[in-house]
Each structure stands twice: as C-alpha cells, then as structure tokens.
2 protein chains.
Amino acid sequence: MAKTLNTISMLGQAYSLLGFQIVEGVVGAGYPQKPKHSAVFAQISLEGSRLTELARKADMTPQSMAELVDELVDMGYVVRQPDPSDGRAKLIVLTDRGRQAVEAGRRTIEGLEDQVTAILGEHGHRQLRRLLTKLLDATNT
Amino acid sequence: MAKTLNTISMLGQAYSLLGFQIVEGVVGAGYPQKPKHSAVFAQISLEGSRLTELARKADMTPQSMAELVDELVDMGYVVRQPDPSDGRAKLIVLTDRGRQAVEAGRRTIEGLEDQVTAILGEHGHRQLRRLLTKLLDATNT
DNA sequence: GAAACTAGTCAGGTAACCTGAATACTCTTC
DNA sequence: GAAGAGTATTCAGGTTACCTGACTAGTTTC
C-alpha cells in the first residue's frame, strides 16, 4: 500500500472507494438496492425506456436486464407498461418511489463531487476532470 | 455518453479501459490467464506466499483463493510447496514460467504508463498522479 | 498434554451474468 | 392480405466467481 502504485491501480482504487459510497448513500437514504441496479437507474429515461434499450446501454443481454428489472419491479421502483408505439415492446417506467431513489442518487453523487472538491480544491478538481477527459477521449474509440 | 459525466464515472471508465488492457497485454505476450488471476500475480512474493496471506491481501476467502491457485497450478504458473517453518502451511511459489508472466505484466503496465504520458504529457501525467494520490490519502483510512 | 487456535481442504450454495430456443407482435413485399 | 423477415421479450438451462459451514491436521498456550 505504501509502495508507489502505478497510475492504473490508483485510478482503480479511487473508483472503487468512491463508487462504493454512491450505493451506500442511496441505501442510507432509505432506498435499498443492489449495486447492479444502478445500471438501470443511471440509464432509464423519465418517459420510460425499453428493455432492449436499457440492456444495450448497460452492455448486457436483454435476458440479464430483464432479471434486474424484475427485481426493481418487486421493490416498487419501476413498472412495465405496454409501449403504445410498438405492440411488441414494453416500457419500463419509474414509479414515484423510483424517481425519489434516482433523486437520492443524484444528491449522493453531488455530495461526493463536493467531497472531491474539498480534498483537491476547486482548481484541483477541475484539473483532474480535464486530465481524465483527455485520457478518455484519446483511449476511447 | 456525450453528457457531462461526473468525476466518479470518469474514474471508473478510465480504469476499466486501461485495466482491461493489462490482462490483454499479458495474454498477448503468450501467458494466458483470467482477469482474476492478476489478484494472485500482483500479491505473490518472490519467496512464495501462503494461501491465507494471498486471500487476505486480495480480500477474499481462502477457499476462493485456493480455487484460483488450483487453476494457476494447472497452467504451470505456480506450485505448492510445504512451508518449512509451519507444518500446516504450504507456500505458493512462482515457477519460471510464472516469473516470466509477472515480468510480462510489469512490462505491459510500463507500456500503458508510457501511453498515458504520451496522451497527457510528462507534466500532465505527474499532475494526474499527484491529484490521485491526494484523493486516495484523504479518502482512505 | 488438553484446550484453543490456525492453515488448508471438501462439499454444497448463490448471484450475476451468459447462450440458445420459443413466443408474440410488427413491418415489408409481393 | 398473407408469407416471410425482423424485433421485443420470455423461458430454460449453464457458467463463473465468489460465498458459508464443516472438517482434518498441525501449532501454541497454559
């Protein structure tokens, strides 16, 4: 731990430390969920999204996404409605409780961002974001 | 995707993009392995390590670690030897091939670090490391 | 030298994915 | 306007990467 880490390990550690706190924050706010559920909450649109669309965005099979959605239905965060524009499809839409959970997530992330700013300073945080953006732009397709 | 990402997502994306390339590089160099095997390679000491020690460092149960080690034994990367200093224990030690695989990993990481430097510049890379170090020091225990 | 502890193993279980095949509806295209 | 091609979802079963619990065999402590 005290040894000089390579940059990649540092990125990984920073991510897992902070990412862990997101779910923790949302759960702590009274909206229990599993880490994988964030994949749905992060992608679902306010008007409702199709299963296949969610699956594609979360980079998983529709079958796996269906299972996640089933769990969220059981927990009362979303419901399945027929899609008026396509008889084959169903829309996954957030319930009131679901929208509240998303809002709690947004607030938690905001809090973590503030925490990062507190540690690095306004300038440092901006600098970090700039460097990461550059890195992602270059590495990504 | 085009939207402004929060800092945490950026950290996660950067990590998974780069981390993925480590295993890819080692496998490409002729040392096939599964992503989870890195947990062993990263922790094992040159004189050999005990199973429980590896498990603790990788934050998993000894049983799970034993399974990983079994696979690595099958692949010829490590062997189990009785620990002379404790009759209950066995030492997991790298074979020649195992040491070569670790070396290939080291070189791959070095190459990725160079890639980061090429993207961000010498100064940018140093800055990134400084910010991440600060973040980790403050967030960690 | 018996009791309490530690290292490792064996058996069985679960979560989070996956592939392949079926069903139900929609959209051509002729 | 029905056949064929395509899309959305579901059903069945498999794999991987972990886990818990129970056990054996050495070790330390009093």
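Here is how names work: the chains are called A, B, and so on, in the same order as the sequence lines, proteins then strands, and each is numbered from 1. In this text, all values refer to a predicted model and were calculated from it rather than measured experimentally.
Using the six-membered ring where Trp is involved, A:Phe41 and A:Tyr77 have ring planes that are perpendicular, over 60° apart on the 30 and 60° scheme.
To the nearest 0.5 Å, the span separating CG on A:Leu51 from CG on A:Asp83 amounts to 12.0 Å.
At least one side-chain nitrogen or oxygen of A:Thr52 sits closer than 4.0 Å to the OP1 or OP2 atom of D:dT9. For A:Lys90, no side-chain nitrogen or oxygen approaches OP1 or OP2 of C:dC25 to under 4.0 Å. For the OP1/OP2 pair of C:dT9 and a distance below 4.0 Å, the side-chain nitrogens and oxygens of B:Arg80 include at least one atom meeting the criterion. Contact annotation: A:Lys34 does not reach the phosphate of C:dA15 (side-chain N/O to OP1 or OP2, under 4.0 Å).
The list of side-chain hydrogen bond (donor to acceptor under 3.5 Å, both in side chains) pairs with a residue in residues 17-26 of chain A, not counting sequence neighbours, is empty. Note on residues 66-75 of chain A: pairs passing side-chain hydrogen bond (donor to acceptor under 3.5 Å, both in side chains), not counting sequence neighbours, are A:Lys34-A:Glu71, A:His37-A:Glu71, A:Asp70-A:Arg80.
Annotation: salt bridge (Lys or Arg N to Asp or Glu O under 4.0 Å) contacts of B:Arg56 (sequence neighbours excluded): none.
Side-chain heavy atoms closer than 4.5 Å link hydrophobic residues (I, L, V, M, F, W, Y) into clusters, and following such links, possibly through other members, connects B:Met60 to B:Leu54.
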Check step by step if side chain to side chain contact (heavy atoms under 4.5 Å, CB included) holds for A:Leu131 and B:Leu131.
CA-CA 10 Å; A:Leu131 290 166; B:Leu131 290 165; 4.2 Å; yes
Can you pull every protein N or O that's under 3.5 Å from an N or O on nucleotides 25-27 of chain D?
unit_1 : atom_1 : unit_2  : atom_2 : d
D:dG26 : N2     : B:Arg88 : NH1    : 3.0
D:dT27 : OP1    : B:Gly87 : N      : 2.6

Under 3.5 Å between N/O atoms: give me all the protein pairs with nucleotides 17-19 of chain C, atom names plus distance.
unit_1 : atom_1 : unit_2  : atom_2 : d
C:dC18 : OP2    : A:Thr61 : N      : 3.1
C:dC18 : OP2    : A:Thr61 : OG1    : 2.8
C:dC18 : OP2    : A:Ser64 : OG     : 2.5

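Comparing the helix axis at one end of the helix from C:dG1-D:dC30 to C:dC30-D:dG1 with that at the other, each defined from 5 consecutive pairs, gives an inter-axis angle of 10° (nearest 10°).
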